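This is the structure I have questions about; it appears just below.
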Amino acid sequence: MITVASCSSSLLPSLQSLPGFLFKSRTFFYFHQIQNPQRFCKLFTQKRFHNALLSPQSSVQFPSHPNPDILLSYLISAVSSCSSISYCRAIHSCVIKSFNYTDGFIGDQLVSCYARLGRADDARNMFDEMPNKDLVSWNSLISGFARRGEAVDEGKYIHGFALKLGVLWEVKLVNSLINLYGKSGYLDAVCRLVETMPVGNIVSWNLMIASHAQNGTAADGVGYFNLMRRAGINPDDGTVLSLLEACENLGLLKLAEGVHGLITKCGLYANATVATGLLDLYAKLGRLNYSLKVFREVNNPDKVAWTAMLAGYAVHGNGREAMELFEGMVKAGVEPDHVTFTHLLSACSHSGLVKEGKNYFDIMSQVYGIEPRLDHYSCMVDLLGRSGLLNDAYELIKRMPLKPNSAVWGALFGACRVYGNIELGKEVAERLFSLDPSDSRNYIMLSNMYSAAGLWRDASKVRALMKEKGLTRNPGCSFIEHGNKIHRFSVGDRSHPESEKIYTKLEEVIGKIREAGFVSKTEFILHDVEQAVKEDMISKHSEKLAIAFGLLVTNAGMPIIITKNLRICGDCHSTAKLISLIEKRTIIIRDSKRFHHFAAGICSCGDYW
DNA sequence: TTAGGGTTAG
């Protein structure tokens, strides 16, 4: 039994002699009597206690206990499960003050807690305080740095140290280092380490696949998988998760289907992490129907699985479905969290559901006790801005208690561009320039805004500023899968072997839509050049070339799925709509922000691109 | 009477 009592501070001395745990919130002191440690541990994972412990005024005191190690151990495991950095710090200082535990397993646990909470520096400080470090301490520290993903120097330091200590060939340590180097973009070091490694295990293989997937050589990662199979090693959940990551980076649906088959064959489908990873991948590859199929096959989907499906609906612009899914989630008794709400709000915004989005934003804090974060604010600004409520969006930014970041201002900037509000756009652009002076996208967008309004002089000033800062435009390119290969196109690209046919097809299709009365939206060209030249440039945009290629190589009735590295341009957007109508094709384009489904002359984004 | 390290999905 745990008894929880709130009392005034005058009762404190008498309570402190009891075995229990004491903490104070802003107004009350609470005392927990520990008779059943397991329940005690569970208690700390409950949210109502987090709030008290999380408040800045809270402090933690330990009354006497027959075995303080046990008490601390419970506390620390509670810390790691409640993911609270302030609580972790409170325990840390208490450990130092009251018990002076700076080594042994208590120290290891704290290093691990900090590492798992992503606090590499705190983990490092704790680690440095410990006089006796064992392998577990080392591994905990490395995993903390790996999570941060920019720790090559620390990796080298630890690597050298481990060599000196003669513990490098502990497989878990090597794996930690592979992970650290891989996450830090240091693939060379990964390969060198593995070449000299006496013996690895399945985790080492999985990490090799993941390291390649994360560093732009996903095809080599798949190669490692084939080597692994030839070596007679059976894949596990970690293997397929690494492969799913490789699929995402290669963008190959065929490969994803192969991994899906592998998952089924190896009986890994029951693993919630694997199934969720698969459904997320299908959504990212434009196959929302496959995602839904996987989702329906998951037994008792958890919060993450529901949210992954919701995120799929959101990015494809299926707002109503997302809302229904959310209702289903609540009905199933699964508690949504801040990530769920981010995607739900984003779904509302991508579908223009203003009233609904506002309502979800309200109930998020009022019903679910989730305080809005920056992501939620940028969704709300996008939602309001998209429907033309630019002032409301701006007011929300002024009112928000957090310091707006570039995502929040960027959402408003996007709305300024769509609604041609140059005055506000200029102001917002200044904010973005000061927040992120080297992000060329903001300069391009402002310049485009001026160009669209015919303000050529202002547009060229922005371009000059870009040049002065040495910023270049990230070249746009589009990708399309065909015959187990990704075909890449850039503007005016003639490098494809089928180039002649592609241009002929493109001319034919554009001819058809011009006959239907369509005029190129040449305001999307940055430069102030002759109309004819503009039309020529814009007609060779990478997404148009990819569409023409898709029309050539796929059968009638098949959807054409294209990925673009930047936002789709307005002219390509209109062209894709008309092609979908004239050629009777579904065209799906994933740009850097969302999916556009073009069918029968309309786009799922409702023309707010 | 209990706890720590390597891959791990939204």
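Just so we're clear, the structure is a prediction, and the values are computed from it rather than from any experiment. All chains are named by letter (A, B, ...) in the order of the sequence lines, taking the proteins before the strands, and each is independently numbered beginning at 1.
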Mind telling me whether A:Y368 and A:F341 have parallel, tilted or perpendicular rings, with 30° and 60° as the class edges?
tilted
Could you tell me the separation between the OH atom of A:Y114 and the P atom of B:dG4, rounded to a whole number of Å?
18 Å
Ignoring the backbone of A:N139, work out which of B:dG5, B:dA9, B:dT7 is nearest its side chain.
B:dG5
Length of the CG-P vector between A:L243 and B:dT7, whole Å:
17 Å
With hydrogens left out and only the distance checked, is there a donor-acceptor pair under 3.5 Å joining A:S137's side chain and the base of B:dG5?
no
Under 4.0 angstrom, heavy atoms only, what part of the nucleic acid is A:A311 near: base, sugar-phosphate, or nothing?
sugar-phosphate
Looking at A:S176 and B:dG6, is any side-chain donor or acceptor paired with a base atom of the opposite kind under 3.5 Å?
no
Provide, to the nearest angstrom, the distance between the CE atom belonging to A:M197 and the P atom belonging to B:dT7.
13 Å
Just to be sure I understand the rule, does A:S204 reach a base, reach only the sugar-phosphate, or reach nothing, if contact means heavy atoms closer than 4.0 Å?
nothing
For the side chain of A:N175, starting at C-beta, report the closest nucleotide among B:dT8, B:dG10, B:dG6.
B:dG6
With the threshold set at 4.0 Å, does a side-chain nitrogen-carboxylate oxygen contact exist between A:D128 and A:R124?
yes
For A:K133, which contact category applies under a 4.0 Å heavy-atom criterion: base, sugar-phosphate, or nothing?
nothing
In terms of side-chain geometry, is the basic nitrogen of A:R320 or A:E324 positioned less than 4.0 Å from the acidic oxygen of its partner?
no
Presence of A:R116 side-chain N/O under 4.0 Å of B:dG5 phosphate oxygens OP1/OP2
yes
Among side-chain atoms of A:H316 and A:H597, is any donor-acceptor pair under 3.5 angstrom?
yes
Tell me what A:D237 touches on the nucleic acid: a base, only sugar-phosphate, or nothing, going by heavy atoms under 4.0 Å.
nothing
Integer-rounded Å distance: B:dG5 C1' and A:E170 CD
10 Å
Expressed as a whole number of angstroms, how long is the span from A:E245:CD to B:dT8:P?
7 Å
In whole angstrom, what separates A:K303's NZ from B:dG10's C1'?
10 Å
Go through B:dG6, B:dG10, B:dG5 for me and flag the one nearest to the A:V203 side chain.
B:dG6
From C-beta outward on A:Q214, which listed nucleotide comes closest to its side chain: B:dG10, B:dG5, B:dT8?
B:dT8
Return the value, rounded to whole Å, for the distance between atom OH of A:Y282 and atom C1' of B:dG10.
18 Å
May I ask you to say what A:A272 touches in the nucleic acid, namely base, sugar-phosphate or nothing, with a heavy-atom cut-off under 4.0 Å?
base
Which nucleotide sits closest to the side chain of A:L207: B:dT7, B:dG5, B:dA9?
B:dT7
Once you measure the plane-to-plane angle for A:Y269 and A:H260, does it fall in the parallel (<30°), tilted (30-60°) or perpendicular (>60°) bin?
parallel
With respect to the side chain of A:A308, which nucleotide from B:dG4, B:dG6, B:dG10 is positioned closest?
B:dG10
Considering every strand and a 4.0 Å limit on heavy-atom distances, what is the contact class for A:N271: base, sugar-phosphate, or nothing?
nothing
Of the nucleotides B:dG6, B:dG4, B:dT8, which one has an atom closest to the side chain of A:D134?
B:dG4
Pair A:S143, A:S176: side-chain N/O donor-acceptor within cut-off below 3.5 Å:
no
Tell me: CD1 of A:I142 to P of B:dG6, nearest whole Å?
10 Å
A:K183 side-chain N/O to B:dT8 phosphate OP1/OP2 under 4.0 Å
yes
Closest to the side chain of A:L241, out of B:dG5, B:dG10, B:dT8, is B:dT8
